[in-house]
Amino acid sequence: MDFYLGLIQIIGVHTLLGLSAYCVLLTGQVSLAQAGFFAIGAYVAGMLTVLLHWPLVLALIVSAILGGAMACAVGFPALRVKGLMLVVATAAFGEAVRLFFFNFTYQVQSGAILLGPHGGEGFRQIRYFPEHGWGTLDVVLFIWTIVVLVMAMLWWMDRSRVGAVLRAVGEDELAAQSTGINITAVKVSAMTIGGIIAGIGGGIFAHYTTHIEHIQFGIVLATFAIAYPILGGLSNVFGTLLAVIFIQGLLIEGLRFLGDWRNLLFGGLIVLAMNIRPRGLLDAGVLMTLKRLVSRNGERKGA
Amino acid sequence: MRKFNIAIAAVFAGAVLAAPSAAPAQDRTVKITGFGAKSGVVRVFGVNSEAALKAAAEEINKAGGVTLGDGAKAKFTIEFLDDRCNAEEGISVVRRIASSDAFVAVGPTCSNVAESLFGILQKKVGDGSDSGLQFPIIADVAAKGGLAKISEWSFRNVPSEFEMYKALFAWLKTQHPDLKTIYGGVEKDFAHSNATFGVMKAQAEANGMQIVGQSEWLLADTTFSTQIRDMKRANPDIVAISAHPFTTCGALKEMERQGVKPKLLIGLTSSSSIETLQGCAKQAEGIIIPTSFAPVTPEAKKAADNVAKFGGSADLHSAAAYEIMFILKDVIEKQKIMAKPDTVKADREKMRAGLAALKETNGLLGKVGRTADREAIKPFLYVHAKGGSWQVLYKPSS
């Protein structure tokens, strides 16, 4: 049981990472900076709970604020460029953040040991969960409360005028601009929301892995972040969740029994899925089918 | 759509097959699960560990197996899971193992995975306020110093690199008093090589050597021209490379290309392996490395042959895995572990207590001491690359 609960934790945190990229993708931008915001959240939350003994929720709030602030700051210059140039600019930012933590050392003596980030050797002993008696189920409930809140917020946003504006910019920037939408403000806002979500995700990540180091926040994580919403589809937030379950639950954990073949199949199955469902696992067609099924069931019950 | 459904169904079937399952107790087998990197740049370490675990299990099984707490004899079976040298995956793998009837796990390969894993374990045994996982893990490869301190459920059978390099530099001072300057090359983004480089530098300075510079590179780097150019400029007597075989070879080849010829070369423990010889035997000629394994005793020769039969290579890391199987056998017998589904919790506690109580174990090169913080003090020797093979240069204890 512990194994499955642990897996649900991983799926929860990666869903937050994917949702952070989802916000940006809605505006038609591809950002590889999400891993950087995730790293900022991880280090900040870790330092606050380990070095200053802050409660986790407060630490996550600060992580979210800093992640968002950094995303906003990056958003202004980075979003002046488009397409491939933006990919390069955001990837460069992500690498800069990673290299910052690679060189960042801030340790304080705690009894016989030194605690805090230690450059390339990472930051160990982020043991808030076990030290406060949180069981695996408690951690799952905590993570998923946050995931559900974030998903609900994005779901609501998607259905509000804000969502319509984001999608309008994503569909056709020129058309959106001609209707008086401030493109820069929309893109930077989306980037900021993404940074906030990534900051929270990173903060939780640091606490369930107990040890973080720069190498975890590299280009691979950034690629995963945008792969989730692209593979899942941008029709709604559940596509990202479905993609995380597909990748983390099935491809990574489910195929572990295949040993060396797992890595080959991993890439192959993603390519296969993208070919069969080019608009994502949960595209508009699937949503229509689901809606039809739900309404048919409702009619039967009514009859 | 149908094709996609079939693909999904196949993956689901795989997931179901891979789900942790309870091993039937009546067949009297004891499954030991190892885990580590079997993919990626450090894949070879996982491959060697798996081969070593299987080789040792076969050796024990041939001799009659292990005696369980109820007096029954059981055979060892080995399962090895890939964590891709990724901390998140390592945690998941250990949770998977701990969800089964296993009472111990052997691994991981990478120190960064061990850091995370040992962090999720209960820190102090019996501390009710700590909800960490209560599951014993004994590491065979993860070599960064001091990792077992993280939890009282974590153990290691890896050599102390601090002791090895301390002795090596003291020995070099007596053997080569004329060598005064040293230049370092470090694989900066890998926890083990980075930490060990700190040890090398400190020991060099402690023995009166002057550090004239250092070059840094990353585990996945393939070009080293800038770093070696700096090294050439420094013109050191000694070059100490703290890197794994892949980049050690890259750096050595670049040194040859640029004509950098130090009077002495020192390498990282992990590079005293067949991979270095396969990758750059010519360029590595003469490199001195302290290691806790070489086929210099009858037991070590036999182990090397057995590991080779399972498609692996015996080196200081896989030899540790080989030794661990014999350690586990002894602890199972001494602690009267039952290895039954209904005794899992008690068996884990007995295994932890048994491992913690060890003062000395039998190693392939001789007796291995155990410290209070659950680390090993292994005998070691210095090898050097000569004519395409590793040859013993000096054995400090002899």
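In the text below, chain A, chain B and the rest are named by the order of the sequence lines, each starting its count at 1.
Heavy atoms of B/Ala98 lying under 4.5 Å from chain A are absent altogether. Within the 4.5 angstrom heavy-atom criterion, only backbone atoms of A/Phe129 (N, CA, C, O) approach chain B. Contacts between A/His207 and chain B at a heavy-atom distance below 4.5 Å are absent for every atom of the residue. For B/Glu89, the parts lying under 4.5 angstrom from a heavy atom of chain A are both the backbone and the side chain. At a 4.5 Å heavy-atom cutoff, the contact between B/Ile150 and chain A is made by backbone and side-chain atoms alike. The parts of A/Glu121 that come within reach of chain B are both its backbone and its side chain, each placing non-hydrogen atoms under 4.5 angstrom from that chain.
Options A/Gln9, A/Gln248, A/Gln125, A/Gln216 differ in how many heavy-atom pairs under 4.5 Å they form with chain B, and the most are formed by A/Gln125. Most heavy-atom pairs under 4.5 Å with chain B: of the set A/His14, A/His118, A/Glu131, this distinction falls to A/His14. In terms of heavy-atom pairs under 4.5 Å with chain A, the best-connected choice from B/Glu79, B/Lys144, B/Lys149 is B/Lys144. If you tally non-hydrogen atom pairs under 4.5 Å between each of B/Leu121, B/Leu81, B/Asn112 and chain A, the highest count goes to B/Asn112. Per-residue counts of heavy-atom pairs under 4.5 Å with chain A were compared for B/Ala195, B/Gly146, B/Gly198, B/Gly46; the largest is that of B/Ala195. Ranking B/Ser129, B/Gly132, B/Ala87 against chain A, the residue ahead of the rest is B/Ser129, based on heavy-atom pairs under 4.5 Å.
Atoms OG and CG, on B/Ser100 and A/Asp2 in that order, are 11.5 Å from each other to the nearest 0.5 Å. With values rounded to the nearest 0.5 angstrom, B/Leu218 atom CG is found 8.0 Å from A/Ile215 atom CD1. A distance of 6.0 Å separates CZ in A/Phe102 from CD in B/Glu216, rounded to the nearest 0.5 Å. Between the OH atom of A/Tyr208 and the CD1 atom of B/Ile91 there is a distance of 7.0 Å, given to the nearest 0.5 Å. Atom CZ in B/Arg84 sits 5.0 Å away from atom CD1 in A/Ile252 (nearest 0.5 Å).
Counting heavy atoms from C-beta on, the side chains of B/Phe118 and A/Arg124 never come closer than 4.5 Å. A heavy-atom distance below 4.5 Å is not found between the side chains of B/Val113 and A/His211.
A/Thr210 contributes a side-chain N or O that, together with a main-chain N or O of B/Ser116, makes up a donor-acceptor pair within less than 3.5 Å. Remark: the backbone N or O of B/Asp82 is paired with a side-chain donor or acceptor of A/Arg256 at under 3.5 angstrom. Looking only at distances, no side-chain donor or acceptor of B/Lys123 sits under 3.5 Å from a matching main-chain atom of A/Arg127.
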side-chain contact (heavy atoms from CB on, under 4.5 Å) assessment of A/Tyr4 paired with B/Arg95: CA-CA 8 Å; A/Tyr4 292 106; B/Arg95 287 199 192 279; over 6 Å; no

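There is a side-chain donor-acceptor pair under 3.5 Å between A/Glu253 and B/Ser92.
When all heavy atoms of B/Ser131 and A/Gly135 are compared, the closest pair comes out as OG-N, 4.1 Å.
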